[in-house]
Asks: 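Supplied in structure tokens, the structure appears directly below.
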Amino acid sequence: MSLLQELEALGVNTDEAVERMNGNASLYERMLVKFKDMIKDMPVRPDFDGSNYADVIEAAHAIKGTSSNLSVTPIYEAYSEIVRLLREDRRSRQERF
Amino acid sequence: MDEGKRILIVDDSEIDRTILKSIMDEEFQVIEADNGYSALELMLKKKVQLDAIMLDISMPFLDGLNVLQILRENNLEDIPVFMITAEATKENIERASQYNITEFIRKPFNREEILKRVRAKLGVEEKAAFTKADIDETRKYIADLEHIYGHYLDCTSKDKGRDERRAYFMKILLAKCPTIEKGTEYDNFQLWMIGKAAYFCNIGDMLLFNAQADTASQAGNAGGDIHQQHTVLGAELIRLNYSKHCRRFVQICSDMCLHHHERYDGKGFPEGISGKDYQTYTQICGLLERFDDQFFKSSRRNELQFDYVIDQIRRDSGFVSDEVFSLLVDSKSEIMKYYNINYV
């Protein structure tokens, strides 16, 4: 089973993403490797004791956007929810203080 | 590519930037900047002339809207701006409304939609499916391959006509395929190109030892490593051409080399792909290879043998899709004509 087939089995819409890149599957595979590094370098770990969520939301938002472009649907859905929760939490903190 | 239209893509995400570049550089000259400061340096200090900017709204240090503010202060508001965003939030739209933004481009990128909008704004007509450079370079690459592969076939005892028959019948079957566009000179070039790609599907044999190559490409061979090697090696060989003008041919031909022994039900090799992953033209290529093995090698090349071979393939359900199989059945009269067999 190829890498793309394995990803497809995990819910990644590889056909859609490769089509987005004009059918260039090798470019897609290279971007997936970069995406893995991107997630590693951008940990979304909110500082629950701090009040400034901006950086964390920014990181989560970036991962959400890029995962949608790579059609990595499971990560896109997870980060959409993370961004929503972080924003809600920031709003409620702002209202509280 | 319209060399006269130059677009600057500004996005801190290398991945998103690369994807957008892969969409735009088919038709436009693309410059990249990975942050707002670099973009401003290009425009304000280096005075690079631009026809449009594709600007990510959300970037660290200097976001897209801050870049627009500085452009306004420098009287550079007239350049069309396509604002890239993962989501058009109320806050973003409110902030953006202060500036002269041409369009919002949402992630995930929709290739056709983006090209359509940028073309419309810049007054650029949709480019032909193949440029003159695409056609010229692809023809040259195919001629070079024919020269090398022809020399190889001359040096072996292989049936040279086998590849030619496959290429010829490929065009006949494709002409009946409803999903293949036909009519324009570009469509005709594409049909010719796919036929040529089918011709080279066993080119990987060249990279095997003679004794191995004699058996490697034969459909129905017991298989094993040699069988798989000629497919993988052929695809790798074809992909050695990195010219963007030959990209479409390389994509089609390498797929045919790699996958012409696959099956629609996933029981083929080397990767066991199935269903929609098994490209229609590659299915046709695999089907024609099998048909030729059973029909041409028979001492009785007649209508009865054609029907017999068709029946054998039909019984092997899952070999190719029903649609592809019916293309071969529907091509009976043309195939009979090729072999000068009387057929009513």
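Lettering follows sequence order; numbering is per chain, from 1. Values below: all heavy atoms of this structure, side chains included; hydrogens, waters and symmetry mates excluded.
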Asks: Has Arg20(A) got a side-chain atom pairing as donor or acceptor with Phe109(B)'s backbone, closer than 3.5 angstrom?
Replies: yes

Asks: Okay, side chain of Asn22(A), backbone of Ile23(B): is any donor-acceptor separation there less than 3.5 Å?
Replies: no

Asks: CD of Gln69(B): more than 12 outside heavy atoms within 6.0 angstrom?
Replies: yes

Asks: Under 4.0 Å between a Lys/Arg side-chain N and an Asp/Glu carboxylate O for Glu14(B) and Lys34(A)?
Replies: yes

Asks: With rounding to the nearest 0.5 Å, note down the distance linking CG in Leu4(A) to CD in Glu271(B).
Replies: 9.0 Å

Asks: Taking heavy atoms only and a threshold strictly under 4.5 Å, list by residue number the residues of residues 24-33 of chain A that touch chain B; give 'none' if the list is empty.
Replies: Leu27(A), Met31(A)

Asks: Heavy-atom distance under 4.5 Å to chain B: side chain of Glu8(A), backbone, both or neither?
Replies: side chain

Asks: Could you tell me whether the side chains of Thr66(A) and Asp16(B) share a donor-acceptor contact shorter than 3.5 Å?
Replies: yes

Asks: Would you mind checking which part of Ile273(B) comes under 4.5 Å of any heavy atom in chain A, side chain (CB onward), backbone (N, CA, C, O), both or neither?
Replies: both

Asks: Nearest heavy-atom pair of Met21(A) and Arg111(B): which atoms, and what distance?
Replies: C-NH1, 4.0 Å

Asks: Going by the rule salt bridge (charged side-chain N to carboxylate O under 4.0 Å, His left out), which residues pair with Arg247(B) if we only count those two or more places apart in sequence or in a different chain?
Replies: Glu26(B)

Asks: From Asp277(B) CG over to Asp15(A) CG, what is the distance, rounded to the nearest 0.5 angstrom?
Replies: 5.5 Å

Asks: Please give me the minimum heavy-atom distance between Gly272(B) and Gln5(A), naming the atom from each residue.
Replies: O-NE2, 4.1 Å

Asks: Is Asp56(B) close to chain A through its backbone or its side chain, or both, or neither, when contacts mean heavy atoms under 4.5 Å?
Replies: neither

Asks: Who are the side chain to side chain donor-acceptor pair (under 3.5 Å) partners of Gln283(B), not counting sequence neighbours?
Replies: Ser321(B)

Asks: Please look at Ser58(B) and chain A and tell me whether the side chain, the backbone, both or neither of the residue comes under 4.5 angstrom of a heavy atom of that chain.
Replies: both

Asks: Over all heavy atoms of both residues, which pair between Ser68(A) and Pro108(B) is shortest? Give the atoms and the distance, please.
Replies: O-CB, 3.2 Å

Asks: Can you find a heavy atom in the side chain of Ile15(B) that is under 4.5 Å from one in the side chain of Leu70(A)?
Replies: yes

Asks: Taking side chain to side chain donor-acceptor pair (under 3.5 Å) as the test, write out the residues that go with Lys116(B), two or more places apart.
Replies: none

